[in-house]
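A short write-up of the structure that comes next.
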Amino acid sequence: MKRFLFYVLTIWLVLWAQVLHNHYLGGSRFSVDLILIVVLYFGLLRGPVTGQVMGFVWGLLIDASSLGVMGLHGLLYALAGYGAGMLRRQLDESKAFTQVILTFAVSVCYTGLYLVLDHLFATTTRSMGWQLAVQPLVNAFLAPIFFWSVHAWVELWQLFPAEN
């Protein structure tokens with residue numbers, strides 16, 4: 001029950017943090033894809049299944065609250081979580097340099113795939129701002145802060161034993 005409550009609260013808190021961030025800073029150069037960074041954290045920490053499931057849930061919740069293509073964010077966040085989980089044994093998630101490089105690479109891929117899939121499946125054309133090009137850099141720059149914050153949240157719950 002404690003683990004279920006942890007995941008439900010985590011999904012709810014991160015979703016609302018992203019919604020509030022988008023409301024206040026969404027159109028600025030300081031826009032951060034907080035959900036993507038947290039999905040990468042869970043993929044690296046808990047593996048591909050947890051990363052993709054949490055990414056899929058967050059993505060569907062974001063899609064349900066937007067006017068875009070339904071399932072697009074769910075697919076992309078699930079791919080990001082799965083990819084990070086598959087790299088779990090090769091990367092040291094505790095190193096800031098690893099967090100920055102992984103977040104930047106995945107953010108660039110995410111943005112590119114988002115633009116291509118949105119163009120293919122959207123019924124209306126939307127203008128994309130220049131902020132979309134800056135977002136991978138901002139995500140990478142702030143990734144260590146968010147990785148540390150989520151790690152502190154996980155440690156607070158004391159759910160997962162330390163791996164050797």
Side-chain angles (χ1 to χ4, degrees), residues 5-46 48 50-85 93 96 98-154 156-157:
L5 186 61
F6 164 77
Y7 282 116
V8 168
L9 279 176
T10 301
I11 288 170
W12 186 80
L13 287 172
V14 172
L15 178 68
W16 278 105
Q18 183 71 55
V19 167
L20 288 174
H21 172 77
N22 287 348
H23 179 72
Y24 291 109
L25 297 173
S28 73
R29 71 188 89 189
F30 302 110
S31 179
V32 176
D33 194 345
L34 174 63
I35 292 176
L36 181 63
I37 297 171
V38 176
V39 163
L40 293 176
Y41 174 84
F42 277 105
L44 285 174
L45 179 75
R46 301 298 305 154
T50 303
Q52 74 182 7
V53 168
M54 292 193 72
F56 184 72
V57 170
W58 271 315
L60 285 182
L61 291 172
I62 289 292
D63 286 335
S65 66
S66 70
L67 299 175
V69 177
M70 186 63 177
L72 182 59
H73 286 94
L75 172 69
L76 294 176
Y77 285 141
L79 283 173
Y82 179 76
E93 76 275 352
T98 302
Q99 298 164 2
V100 168
I101 296 297
L102 178 69
T103 302
F104 179 73
V106 171
S107 294
V108 167
C109 292
Y110 178 90
T111 302
L113 282 172
Y114 177 80
L115 291 174
V116 168
L117 292 174
D118 185 64
H119 180 71
L120 288 174
F121 296 113
T123 56
T124 60
T125 58
R126 290 180 281 198
S127 63
M128 300 293 174
W130 61 270
Q131 295 87 355
L132 210 56
V134 176
Q135 191 175 37
L137 291 173
V138 176
N139 286 349
F141 180 73
L142 295 176
I145 296 168
F146 290 119
F147 268 68
W148 177 82
S149 301
V150 175
H151 184 71
W153 171 252
V154 169
L156 181 69
W157 285 80

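Closest non-hydrogen pair, F104 versus P136, comes out as CD1-O, 3.6 Å. A pairwise comparison of heavy atoms in V106 and A80 identifies CG1-CB, 3.9 Å as the closest pair. Nearest heavy atom pair, residue T103 against residue A143, reads OG1-CB, 3.3 Å. The two residues A17 and L34 have their closest heavy-atom pair at CB-CD2, 3.5 Å.
Side chains of S107 and L36 form a contact here, defined as non-hydrogen atoms less than 4.5 Å apart. Within the 4.5 Å cutoff, the side chain of D63 has no heavy atoms near those of the V69 side chain. The shortest distance between side-chain heavy atoms of F42 and V53 does not fall below 4.5 Å. For the pair L61/I11, a side-chain contact is recorded, criterion being any heavy-atom separation below 4.5 Å from C-beta on.
Checked against ring pair (Phe, Tyr, Trp, His ring centres under 6.0 Å), Y110 has the following partners two or more places apart in sequence or in another chain: Y77. Applying the side chain to side chain donor-acceptor pair (under 3.5 Å) rule to E93 yields no partners; only residues at least two apart in sequence or on another chain are considered. In this structure, the side-chain contact (heavy atoms from CB on, under 4.5 Å) partners of V100, at least two apart in sequence or on a different chain, are A140, P144. Taking Y41 as the reference, F147 meet the ring pair (Phe, Tyr, Trp, His ring centres under 6.0 Å) condition, with sequence neighbours excluded. With sequence neighbours excluded, the residues that form a ring pair (Phe, Tyr, Trp, His ring centres under 6.0 Å) with W157 are F6, W153. Residues that satisfy the side chain to side chain donor-acceptor pair (under 3.5 Å) test with T50, not counting sequence neighbours, are absent from this structure.
Annotation: the span from M54 atom CE to T10 atom OG1 amounts to 5.5 Å, rounded to 0.5 Å. Atom CG of L79 is separated from atom SG of C109 by 10.5 Å, given to the nearest 0.5 angstrom. Between the CG atom of L75 and the CG atom of L60 there is a distance of 10.0 Å, given to the nearest 0.5 Å. Here the straight-line distance linking atom CD1 of I62 with atom CG of N22 works out to 6.5 Å at 0.5 Å rounding. Rounded to the nearest 0.5 Å, atoms NE2 (H151) and CG (L45) are 8.0 Å apart. Note: D118 CG to T111 OG1 = 12.0 Å, rounded to the nearest 0.5 Å.
No donor-acceptor distance shorter than 3.5 angstrom exists from the side chain of Q52 to the backbone of G43, with no hydrogens or angles considered.
At most 12 non-hydrogen atoms from other residues, nucleotides or ligands lie less than 6.0 angstrom from CZ of F56.
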When you look at V14 and W58, which way does the side chain to side chain contact (heavy atoms under 4.5 Å, CB included) test go after all the steps? CA-CA 9 Å; V14 172; W58 271 315; 3.5 Å; yes
Could you go through the side chain to side chain contact (heavy atoms under 4.5 Å, CB included) check for V138 and D33 one step at a time? CA-CA 9 Å; V138 176; D33 194 345; over 6 Å; no
